[in-house]
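Report on one structure; see the data block that follows.
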Amino acid sequence: MEATEITRAITAATSVAASCGLPVDDAIVLHNSNKVALRLTPCDVLARVAPVGREVARFEVELAQRFARAGCPTGLLEPRVDPLVYTHDGFAVTLWTYYEPVTPRIPPVDCARALERLHAGMREIDVASPRFTDRVAEAEGIVADPRRSPELADTDRAFLSGTLAGLRRAIEERGAVEQLLHGEPHPGNVLGTANGPLFIDFETCCRGPVEFDLAHVTEAVGEHYPNVDQGLLDDCRQLVLAMVAAGLGDGACVSPIGCPVAGLSSRDEVRPCFERGWMY
């Protein structure tokens, strides 16, 4: 969000919290992208705010409640208010439990076990959700439209288009079992708390093979996850890399922490990542 939009988002969040009876004197910006995450004090609540129509807040709230009932290691909605999507001044606001971080780096084995527990709980949840191929199609749409990726050279456009289509086909042809996934369980979406690792941010939840989720974590985490199809994981890692590269052209993608393209400034730097494989 731009600075002026953030100011309005803060006002929306504090107004919603106050209307719910929560004391609010200050709002600290924790994260800013297509939505903003705020720590509200002294009530110590996490508010997530996005422009109405540019969020999937109702989907996230529904999933959060189901994950809690299934015992998944996920962040919880704020228990002092109703589990709703609140609107104010054109913004959608959801209120969540704030967790004080206790460790800057979660040990890979702990992260792998938490992700395995998350997947086990997700298998018990029956909810309509996109398939991972829907996200691939979105990336393909960005690549195919010069208006959305004006800086993409024709050769790179053809390269990414072919890579996305080929990897999607290769993954589907493997016929792996699919289930509900987090969609982007990279280090930026898992908190090291006193309750252990907790996953947050469910707007990318989709159906697919567990290897698609594992493609977003480090190799050290993947080594502790049981029964991984390594060939499928390699394909998924290449696919995710291609999707992130496509997102750079849209100007809307912030590369996840730990992603090998994080911080790359051009596709001249991204393309060699495909040639040498996904590396951490």
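Computed from heavy atoms alone, side chains included, the values below leave out hydrogens, waters and symmetry copies.
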### Message
Between Glu2 and Thr4 (side chain of the first, backbone of the second, donor and acceptor by atom type, cut-off under 3.5 Å), is there such a pair?
### Response
no
### Query
Counting distance only, does the side-chain N/O of Glu116 pair as donor-acceptor with the main-chain N or O of Pro226 below 3.5 Å?
no
### Query
Any side-chain heavy atom of Pro73 within less than 4.5 Å of one from Arg113?
no
### Message
Angle between ring planes, Phe132 versus Phe212, binned at 30° and 60°: parallel, tilted or perpendicular?
### Response
tilted
### Task
Compare all side-chain heavy atoms of Leu239 with those of Ile171 and state whether any distance is below 4.5 angstrom.
yes
### Task
May I ask you to decide if Ser149's main-chain N or O and Arg157's side chain share a donor-acceptor pair within less than 3.5 Å?
yes
### Query
Looking only at heavy atoms, what is the nearest atom pair of Pro209 and Leu232, with distance?
CB-CD2, 3.9 Å
### Query
Are any of the side-chain heavy atoms of Leu22 and Val45 separated by less than 4.5 Å?
yes
### Message
With a 4.0 Å cut-off on N to O distance, would you call Arg148 and Glu138 a salt bridge?
### Response
no
### Query
Is Val29 reachable from Val16 through a run of I, L, V, M, F, W or Y residues, each pair having side-chain heavy atoms under 4.5 Å apart?
yes
### Message
Whether Arg131 and Glu172 form a salt bridge (side-chain N of Lys/Arg under 4.0 Å from carboxylate O of Asp/Glu) is what I want to check.
### Response
yes
### Flag, side chain of Thr97 to backbone of Leu77, donor-acceptor distance under 3.5 Å
yes
### Of Ile142, Asp145, Val143, the residue whose pairing with Leu152 passes side-chain contact (heavy atoms from CB on, under 4.5 Å)
Val143
### Query
Judged by atom type as modelled, is there a donor-acceptor pair below 3.5 Å linking the side chain of Arg8 to the main-chain atoms of Asp89?
yes
### Task
State whether the side chain of His216 and the backbone N or O of Gly183 hold a donor-acceptor pair below 3.5 Å, judged by distance alone.
yes
### Message
Between Phe202 and His182, is there a side-chain heavy-atom distance shorter than 4.5 Å?
### Response
yes
### Query
For Asp234 and Gln238, does a side-chain donor sit closer than 3.5 Å to a side-chain acceptor?
no
### Task
Locate the shortest heavy-atom distance separating Phe199 from Cys111; write the atom from each residue and the value.
CZ-O, 4.3 Å
### Query
Any side-chain heavy atom of Pro42 within less than 4.5 Å of one from Pro23?
yes
### Summary
Scanning both residues in full, the closest heavy-atom pair of Ala215 with Val240 reads CB-CG2, 3.8 Å
### Task
Output, in order, the C-alpha distance, side-chain angles, deciding distance and verdict of side-chain contact (heavy atoms from CB on, under 4.5 Å) for Val61 and Gln65.
CA-CA 6 Å; Val61 167; Gln65 294 177 87; 3.5 Å; yes
### Query
Hey, are the side chains of Tyr99 and Leu46 touching, using non-hydrogen atoms and a 4.5 Å cut-off?
no
### Query
So do Tyr98 and Cys43 actually touch side chain to side chain, heavy atoms under 4.5 Å?
no
#### Entry: Donor-acceptor pair, side chain of Asp26 and main chain of Thr41, under 3.5 angstrom
no
### Task
Decide whether Leu233 and Val109 are clustered together by the hydrophobic rule: side chain heavy atoms of Ile, Leu, Val, Met, Phe, Trp, Tyr closer than 4.5 Å, transitively.
no
### Ionic contact status for Arg39 with Glu100, cut-off 4.0 Å
yes
### Message
Has Arg48 got a side-chain atom pairing as donor or acceptor with Ala37's backbone, closer than 3.5 angstrom?
### Response
no
#### Entry: Ionic contact status for Lys35 with Asp201, cut-off 4.0 Å
yes
### Message
Quick check on side-chain contact (heavy atoms from CB on, under 4.5 Å): which of Leu40, Val93, Asp25 does Thr14 satisfy it with?
### Response
Leu40
### Message
Which heavy atom of Asp229 sits nearest to which heavy atom of Glu211, and what is that distance?
### Response
N-OE2, 3.0 Å
### Message
Measuring only between side-chain heavy atoms, which start at C-beta, is Met122 closer than 4.5 Å to Cys205?
### Response
yes
### Query
Under 4.0 Å between a Lys/Arg side-chain N and an Asp/Glu carboxylate O for Arg135 and Glu184?
yes
